[in-house]
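Contents: one structure, followed by commentary.
Residue numbering restarts at 1 for every chain, and letters A, B, ... go by the order of the sequence lines. Because the structure is a prediction, the values reported are computed rather than measured. As a basis for the values below, the full set of heavy atoms in this structure was taken, side chains included, without hydrogen atoms, waters or symmetry mates.
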Number of protein chains: 2
Amino acid sequence: METETPVAAAGGAPSEGRPPLSRERIVTAALALADREGLDALTMRRLAADLGVAPMAPYTHVRSKEELLSAMFDAVIGSMDLPEGDGGDWSEELRSLGRSFRRAMLAHPGAVPLCVNEPPMGPRALRAAEVTFSVLRRAGFADRDIVRAFFTVVTYAMGFLVVEVAQTRNCPPEEREEMERQRKLQFESLPLDEFPNVVALAPWLGHLPVEEQFEYGLDRLIAGLEADLSPGRVRRAR
Amino acid sequence: METETPVAAAGGAPSEGRPPLSRERIVTAALALADREGLDALTMRRLAADLGVAPMAPYTHVRSKEELLSAMFDAVIGSMDLPEGDGGDWSEELRSLGRSFRRAMLAHPGAVPLCVNEPPMGPRALRAAEVTFSVLRRAGFADRDIVRAFFTVVTYAMGFLVVEVAQTRNCPPEEREEMERQRKLQFESLPLDEFPNVVALAPWLGHLPVEEQFEYGLDRLIAGLEADLSPGRVRRAR
DNA sequence: ACCTGAACACCGTTCAAGT
DNA sequence: ACCTGAACACCGTTCAAGT
């Protein structure tokens, strides 16, 4: 988070001049730990150790581990870059919001798996939602479709991110190429009569350029929304 | 799984006439446990207890908990209903594959969070992938776009499901209506000057008909794919 | 109000034995 | 080959104390 207070960041002696615990300090430390070693390594006990404090101390500021996880997710989404101006093509603005969401989440890969727990509607995430709603409203969507379109884009982006970081986390970049080659070979060697398409597509299935794939899906989704809006098409009743 | 052997399903005495452990029996029991009490309750120790066996016994058939989770996910996707005929509108077939995926996953809600670990490309899931590829090929997509379109639809469906079951799990149907009313009120009471759209959309944000929302996104996505394919539009180079 | 320390009821997995 | 039992190094959270 950019709101992080950098005071005494390099934790020195355990109990000397240590700033008092606060919700924000706890969330920041939790994000740092999850980013460094993965969400599984984020343990209330390890978190307390990182903060130089007894295992139960964080519970004064956070009701439970689950509440902490929610706060972490909300904090990351709250750090999204949001467009300022009200001008420009709505579809380009929506695309840019999608990219912004991905960028913010990738800055804290440890928090990405939290996507699965709840839609991004926490206190700090609300600003991003508001901006997205206003973009869709100016595009001409009806109230109901604004909400539907919003959740559709969010669903796509979350699904993508969650799989993206899961893939990149459990396989360091050095082994990456080798793994892709392995997977390609595996698909190629399947029985041709049973899996003709999997075999034929093996080269593409082995190596998915992640950036391009994100853009492709986002493009198709927004094109689909555009088609729903365009005057040449009959709007569905209700 | 429909391949489940129903022999001695009602586990009686701990060590009398019990069928020998097998990978399949383990996966089936693990799915049953996860469906009943959630993925968090799926513990190697509890699983062993359910199977009437020592904590370490399952490890003879399964290398680690992670491997078991992969097998569970693959088994659920392998249970998808797949269209037989090669006829019909490709977009309708794709829609129906999306629905089939959701139906299969919802039949085992405990396995849904596993979506985040890997794309559905395991041994049993491959049949579903093959069918989807063939539908997209007949639609006229180039090899590369077949794969891109496939992963886009899968990403959307997985993202949707993961949030859907997370929402329905930690809130029983009785409390559901009350929670929705609460959320609506919460959105309505936000400062109007800061969140005009969130306030205006509160009724829709409170209550999202889940079935409809899934169909909406799937429709828009497929419409977007259609637009990429239609002759009236210039196909992108490369 | 904020933090501590011991304790409870759990985990996944290793390892050496058993049959 | 398949299963057991004890053990190791952990969990989240409750509870009674401390300051």
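Projected onto DNA chain C by closest heavy-atom contact, R45(A) and T60(A) fall at different nucleotides, the more 5' of which corresponds to T60(A).
The aromatic rings of Y156(B) and F214(B) lie parallel to each other, with less than 30° between the two planes, well short of the 60° mark.
Contacts of M44(B) with the nucleic acid, taken as non-hydrogen atoms under 4.0 Å apart, involve only primed sugar atoms and P, OP1 or OP2. Within the nucleic acid shown, R63(B) has no heavy atom closer than 4.0 Å to any nucleic acid atom.
For dC3(D), there is no paired nucleotide, since no Watson-Crick or G-U wobble pair has both relevant distances below 3.5 Å. dC11(C) is unpaired under the criterion used here, namely a Watson-Crick or G-U wobble arrangement in which both key atom distances are under 3.5 Å.
For R127(B), the CZ atom counts as loosely surrounded, since its 6.0 Å shell holds 12 or fewer non-hydrogen atoms of other residues, nucleotides or ligands.
Put simply, CZ on R46(B) is 8 Å from P on dC11(C), counting in whole angstrom units. Between Y59(A) atom OH and dC2(C) atom P there is a gap of 18 Å when expressed in whole angstrom units.
Picking from dT4(C), dT13(C), dC3(D) the nucleotide with the shortest atom distance to the side chain of L21(B) gives dC3(D).
Remark: H61(A) is not in phosphate contact with dA1(C), judged by side-chain N or O atoms under 4.0 Å from OP1 or OP2. Within the 4.0 Å cut-off from OP1 or OP2 of dC10(D), not a single side-chain nitrogen or oxygen of T43(A) is found. One finds no side-chain N or O of S64(A) lying less than 4.0 angstrom from the OP1 or OP2 phosphate oxygen of dG12(D).
Spacing of P atoms, dA9(D) relative to dA9(C), comes out at 22 Å, to the nearest Å.
Under 3.5 Å, the side chains of Q186(A) and Q182(A) contain no donor-acceptor pair of N or O atoms.
Each salt bridge (Lys or Arg N to Asp or Glu O under 4.0 Å) pair with one or both residues in residues 101-111 of chain B, not counting sequence neighbours, appears once here: D81(B)-R103(B), R102(B)-E164(B), R102(B)-E211(B).
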